Amino acid sequence: MTKNILIIGGTRFFGKLLVRRLLAEGHKLTLATRGRTGDDFGNAVQRIHVDRRDATAMRAAFARTSYDIVYDQMCYSPLDAAISNEVFAGRTARYIMSSTIEVYRHLCGRGLAPFAETALDLDAERIDIDYPWHDPAYAEESYAPGKRQAEALLYRAAALPVVSVRIAHVLGGRDDFTGRLRYYVELARSGQPLPHSCNAAASSFLHPQAIADFLAWTGMQDFLGPVNAANITLSAPALQQRIGQVLGVKVHAQTTASGAVQPSPFDYALPYTMDTARAAALGHRFEGDGVWLDALIREHAVAAQGAAA
């Protein structure tokens, strides 16, 4: 059945894959963005240029429109969540927020990993509306608490039929703007040691297409509440070893004292993984063999070789 779908965001990374997946399924799509990032979807989608953080602009943009599904890729704080509650209440049958594994970061070391959705008590989460959530100077430190508080506000208000998809660390190819997997591949290619903490604990990872597929699948279901999304579990040294095996190069790690060097992107001293049992119980299973990771490693290696030529 064709759905009328709004995607807030959708022009970068796995957001683009979600758009393509939904278009392939025949749905009617509208993208809401500030218009700063172009896309190649042509006339296949409608576009609304709006600042997602501007409540007045959001009210004006969506005052006369309803959607079967709203995918919110840009909800980063309780301020954003409050705008969604106001703008979309009564105007969508399903609101899907892209959340993150980072909502569990403060729980590491409490004996709860791998974290099930219930590990996070959103009822106990303090919501700070007065914090400078939109100040770029605080963007990094506010990311995890912003997502937690956004979820908490959405669920407590109960104004929308909410699903928050808690997404593992997404590892992408050349279009991955985070550069995290590229960092590890370049270390391996250059023969430099991987600096890591002595514990080298594991975390959860996900393929970009896997999260796009899961988000698309989630939109067509009727469950509500938080749900974890992850493919595989690796530590930073294990990831580096896999890269070495794929590229046929020798890699080595160097244990460092805390604060001695800049840590690698996925250097965790304590286990930081997610339990995907709820997704499985709902009917979705994530591929866990990591073959997709090998393909991405090769993609980065080829890109690096091309750049050096």
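We number each residue from 1, following the sequence as shown. Here the structure is a predicted model, which is why all the values come from computation and not from measurement. The figures that follow rest on heavy atoms only: side chains count, while hydrogens, waters and symmetry mates do not.
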For Arg52 and Met74, indicate whether the former's side chain and the latter's backbone hold a donor-acceptor pair under 3.5 Å. yes
Only one of Glu151, Glu117, Lys147 passes side-chain contact (heavy atoms from CB on, under 4.5 Å) with Ser164, and that residue is Glu151
Are the aromatic ring centres of Tyr71 and Tyr95 under 6.0 angstrom apart? no
Measuring from atom CG of Leu239 to atom CG of Leu194, what distance do you get when rounded to the nearest 0.5 angstrom? 8.5 Å
Where is the tightest heavy-atom contact between Leu296 and Gly173, given as atom of each residue plus distance? CD2-N, 3.6 Å
Go through the steps for Asp72 and Ser98 under the test side chain to side chain contact (heavy atoms under 4.5 Å, CB included), then give the verdict. CA-CA 6 Å; Asp72 196 343; Ser98 290; over 6 Å; no
Treating Arg148 as the side-chain partner and Ser77 as the backbone partner, does any N or O pair qualify as donor plus acceptor under 3.5 Å? no
Do you see a donor-acceptor pair shorter than 3.5 Å between the side chains of His27 and Glu25? yes
As an exercise, state the distance from OH of Tyr184 to CD1 of Ile243, rounded to the nearest 0.5 Å. 8.0 Å
Leu107 vs Phe115, side chain to side chain contact (heavy atoms under 4.5 Å, CB included): CA-CA, chis, key distance, verdict: CA-CA 9 Å; Leu107 299 178; Phe115 299 114; 3.6 Å; yes
For Asp222, does the CG atom sit with more than 12 other heavy atoms under 6.0 Å from it, leaving out its own atoms? no
In the single-linkage hydrophobic clustering (I, L, V, M, F, W, Y; side-chain heavy atoms under 4.5 Å), do Leu224 and Tyr155 co-cluster? no
Separation between CD of Gln46 and CG of Leu31, rounded to the nearest 0.5 Å: 9.5 Å
Check: His134 and Leu79 side chains under 4.5 Å, non-hydrogen atoms: yes
Is the ring pair His169/Tyr272 parallel, tilted or perpendicular, if the boundaries are 30 and 60 degrees? perpendicular
In terms of heavy-atom contacts, Gly26 and Thr2 come closest through O-CG2, 3.4 Å
So which heavy atom on Phe286 is nearest to which on Ala210, and how close? CE2-O, 4.4 Å
Ion pair present between Arg47 and Asp39, side-chain N to carboxylate O less than 4.0 angstrom? yes
Cluster check Leu154, Met58: I/L/V/M/F/W/Y, side chain < 4.5 angstrom: yes
Say whether, by atom type as modelled, one donor and one acceptor occur between the side chain of Asp68 and the main chain of Asn4 under 3.5 angstrom. yes
So how far is it from Ile96 CD1 to Leu18 CG, rounded to the nearest 0.5 Å? 8.5 Å
Could you check Asn231 against Glu287 for side chain to side chain contact (heavy atoms under 4.5 Å, CB included), going step by step and ending with a plain yes or no? CA-CA 6 Å; Asn231 277 129; Glu287 176 189 350; 4.2 Å; yes
Hey, are the side chains of Ser204 and Ile101 touching, using non-hydrogen atoms and a 4.5 Å cut-off? yes
Heavy atoms of Val251 and Gly244 approach each other most closely as CG1-CA, 3.8 Å
Are any non-hydrogen side-chain atoms of Met220 and Leu22 less than 4.5 angstrom apart? yes
Tell me whether Leu153 shares a hydrophobic cluster with Tyr143, the cluster being built from Ile, Leu, Val, Met, Phe, Trp, Tyr side chains joined at under 4.5 Å. no
Just do the side chain to side chain contact (heavy atoms under 4.5 Å, CB included) check on Leu171 and Phe266 with the steps written out, would you? CA-CA 11 Å; Leu171 297 177; Phe266 304 117; 3.7 Å; yes
Contact check, side chains of His207 and Ile211, non-hydrogen atoms, under 4.5 Å: no
Could you check whether any side-chain N or O of Arg166 sits under 3.5 Å from a backbone N or O of Met274, counting only pairs where one atom can act as donor and the other as acceptor? no
So, Ser142 side chain and Tyr138 main chain: donor-acceptor pair closer than 3.5 Å or not? yes
Heavy atoms from other residues, nucleotides or ligands near CD of Glu141 exceed 12 (cutoff 6.0 Å): yes
Any donor-acceptor N/O pair, Thr33 side chain to Gly9 backbone, under 3.5 Å: no
Salt-bridge test for Glu86 and Arg59: reply yes if a basic N is under 4.0 Å from a carboxylate O, no otherwise. yes
Side chain Arg91, main chain Ala63, donor-acceptor under 3.5 Å: yes
Is the shortest heavy-atom distance from the side chain of Leu282 to the side chain of Gln221 under 4.5 Å? no
Separation between OH (Tyr268) and OG (Ser235), nearest 0.5 Å, reads 12.0 Å
Calculate, to the nearest 0.5 Å, the distance between atoms CG and CG belonging to Leu181 and Asp176 respectively. 7.5 Å
Is the backbone of Phe62 close enough, under 3.5 Å, to the side chain of Thr65 for a donor and an acceptor to pair up by distance? no
List the atom of Pro265, the atom of Arg180, and the distance in Å for their closest heavy-atom pair. CB-CG, 3.9 Å
Once the angle between the rings of Trp217 and His284 is folded into 0 to 90°, is it parallel (under 30°), tilted (30 to 60°) or perpendicular (over 60°)? tilted
Do Ile7 and Ile48 land in one hydrophobic cluster if side-chain heavy atoms of ILVMFWY residues count as linked below 4.5 Å? no
Does some side-chain heavy atom of Thr92 sit less than 4.5 Å from a side-chain heavy atom of Ser66? no
Contact check, side chains of Ser203 and Thr233, non-hydrogen atoms, under 4.5 Å: no
Here the pair of heavy atoms bringing His252 nearest to Gly191 is CE1-O, 3.2 Å
Measure from NZ or CZ of Arg20 to the centre of the six-membered ring of Phe41, then state whether that distance is under 6.0 Å and the direction lies within 45° of the axis. no
N/O donor-acceptor pair under 3.5 Å between Trp133 side chain and Asp128 backbone: yes
Strictly below 4.0 Å, N to O, side chains only: are Arg105 and Glu102 in salt-bridge contact? yes
Answer yes if Met97 and Tyr67 sit in the same cluster of Ile, Leu, Val, Met, Phe, Trp and Tyr residues linked by side chain heavy atoms under 4.5 Å apart, and no otherwise. yes
Would you say that Asn228 contacts Arg278 through its side chain, given a criterion of any heavy-atom pair below 4.5 Å between the two side chains? no
Can any side-chain N or O of Arg94 pair as donor or acceptor with the backbone N or O of Val162 at less than 3.5 Å? no
